[in-house]
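Below: one structure, written as structure tokens.
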There are 2 protein chains.
Amino acid sequence: MGQAILVVEDDREISGLVSALLVREGFSARVAENGAAMDRLLAESPADLILLDLMLPGEDGLSICRRLRADGAIPIIMVTAKSDDIDRIIGLEVGADDYVAKPFNPRELVARIRAVLRRTAPAAAPATASSRRVRFEDFVFDIDAHRLFRGTEEIALSTGDYDLLAVFIERPMRVLTRDQLMDLTKGRSWEAFDRSIDVALSRLRRKIEADPTKPALIKTVRNAGYMFATTVRKD
Amino acid sequence: MGQAILVVEDDREISGLVSALLVREGFSARVAENGAAMDRLLAESPADLILLDLMLPGEDGLSICRRLRADGAIPIIMVTAKSDDIDRIIGLEVGADDYVAKPFNPRELVARIRAVLRRTAPAAAPATASSRRVRFEDFVFDIDAHRLFRGTEEIALSTGDYDLLAVFIERPMRVLTRDQLMDLTKGRSWEAFDRSIDVALSRLRRKIEADPTKPALIKTVRNAGYMFATTVRKD
DNA sequence: ACGGTTTGTAACGGCGTGTAACGGCGCTTG
DNA sequence: CAAGCGCCGTTACACGCCGTTACAAACCGT
């Protein structure tokens, strides 16, 4: 779903709050408690942005920042507890993309993350971002443009249809629980008697299944959830 | 003498303190109390960076920022009294280079000024690279001339149509909220029951969509805003 | 086959969005 | 300066989306 943010922070309470905030805002968040843990997580999968605390056990935030700058071009936002430190960090020219002082306004933090991602995005991809497309069965799904085609016919998708399909496309051949679907599409968690996912699914099936009474694309997995049961080819 | 900073701030006390600080740090500082005074000073001699307060008598800081961004590439740091405003300003994408909340740590302010000057210094020269003409689908849009063509046919645009389209062109494949659209086109913020954006969009769609009842270029994203859903090629 | 549980979906209604229509304002023109 | 015109903000209403509810159908253990 969202872009991957890596939070490097040794205070569990703060990292918990921040990662919850980020997930709520549509990012995916991982936490590392020190430089070594960060390296391990980056080896597993890359991050789109790193939120880096200054004070850390072991290797210092400044050192980590310099190191990251040296090899990759991952955007970095430095976080520091004492606002007096900020001018020092900036002065040191470690090359972070932005700087935030604790305690920070959550919405400001999110806004600064978005601003940095926006600013650095054109550098990575060409400014005229081409749209991502995938194929499955005889469909072509233009993810960025929110458009779905079967053959040459366009199938109109509501925002709800799109959210659901986009989630499935990214996770084919895997059972997704109602809780996961709820979280990934609406950003809120699923409560016991909530049927909105089922109804949304029924509506999506009506548009994309050849025979909605015998679903072939989106299978029901009883007592578990739903699964996008076809292969997805990147274009 | 150091680089020329222009402080746009109506509070005499603050502007006095800031300009003293800047001079002490080796910059040259001038003060303007509002947008008109700023224009006069810029006409006399250019500035290397503008420190722009959000709340000003007469023309608003956001409006000034947009105006400055439109013609030149002078680095701008926005200053605001309420830290809650910061996330909104950043979210609005007025395009400032940094944002600082009052009351600020003087050394942090200086550090941020230096950081912005450092970052923007090399970018100044090759700024005039891109042509001001873009293509999308089978349209050619001449941004400077305010003219839009589909194939060889010209499509007449009102200034309202143009403003909206120009904003979208610069931010393809991104959902823009009504608040952002309002601010970027009209320079004022969006209030809950204001439908003028919706109507303006409807009028633009009527001119550029093949089938305005099934919008393909400008998608509605329910509960969020609108998105220009096509790729834009620079000419 | 029976009863309880889970899933499918039609129907309803609240609310967000599309857009026709009206009218004020500023600009052009004679 | 009056008349005409086009632009655009407001209003009002129609329509579509989606969360909820209710009931039917499918499923499963016994």
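Reminder, nothing fancy here: chain letters follow the sequence lines and each chain counts from 1.
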Distances for protein N or O near nucleotides 26-30 of chain D N or O, under 3.5 Å:
none

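- In this structure, B:M55 places its CE atom where only 12 or fewer heavy-atom neighbours from other residues, nucleotides or ligands lie under 6.0 Å away.
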From CA spacing to verdict: side chain to side chain contact (heavy atoms under 4.5 Å, CB included), B:R133, B:I143: CA-CA 6 Å; B:R133 176 179 271 225; B:I143 300 173; over 6 Å; no
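- Looking at A:R112, A:R107, A:R114 one by one, the single match for salt bridge (charged side-chain N to carboxylate O under 4.0 Å, His left out) with B:D87 turns out to be A:R107.
- Residues from residues 204-220 of chain B lying near DNA chain D, meaning a heavy-atom separation below 4.0 Å, are absent.
- In the displayed structure, A:R233 atom CZ is contacted under 6.0 Å by more than 12 heavy atoms of other residues, nucleotides or ligands.
- Salt bridge status for B:E209 with B:K214: absent, with no side-chain N to carboxylate O gap under 4.0 Å.
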Residue pair B:E154, B:R147: steps toward the side chain to side chain contact (heavy atoms under 4.5 Å, CB included) verdict: CA-CA 7 Å; B:E154 175 159 13; B:R147 297 177 72 180; 2.6 Å; yes
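- Taken residue by residue, residues 155-164 of chain B places heavy atoms nearer than 4.0 Å to DNA chain D at B:S158, B:T159, B:G160.
- The minimum heavy-atom distance linking A:R150 with A:K207 is given by the pair NH2-O, 3.6 Å.
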Where protein sits on nucleotides 19-25 of chain D, one letter per nucleotide: B base, S sugar-phosphate only, - none, heavy atoms under 4.0 Å: BBBB---
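- Ring orientation note: the planes of B:F136 and B:F228 are nearly perpendicular, at an angle over 60° on the 30°/60° scale.
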Stepwise ring pair (Phe, Tyr, Trp, His ring centres under 6.0 Å) test for A:F141 and A:F168: CA-CA 12 Å; A:F141 183 41; A:F168 278 118; over 10 Å; no
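- Here chain A contacts DNA chain C (any atom closer than 4.0 Å to a heavy atom, that is under 4.0 Å), and the contacts span C:dT5 to C:dA11 from 5' to 3'.
- A salt bridge between A:R188 and A:D179 is absent, with no side-chain N of the basic residue lying under 4.0 Å from a carboxylate O of the acidic one.
- Taking the charged nitrogens against the carboxylate oxygens, B:R178 and B:D198 do have a contact shorter than 4.0 Å, which makes a salt bridge.
- For the helix from C:dA1-D:dT30 to C:dG30-D:dC1, the terminal axes (five pairs an end, C1' atoms, rotation from four pairs onto the next four) enclose an angle of 30°, given to 10 degrees.
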Audit row: A:I155, A:F139, side chain to side chain contact (heavy atoms under 4.5 Å, CB included) steps and yes/no: CA-CA 10 Å; A:I155 299 173; A:F139 292 88; 3.7 Å; yes
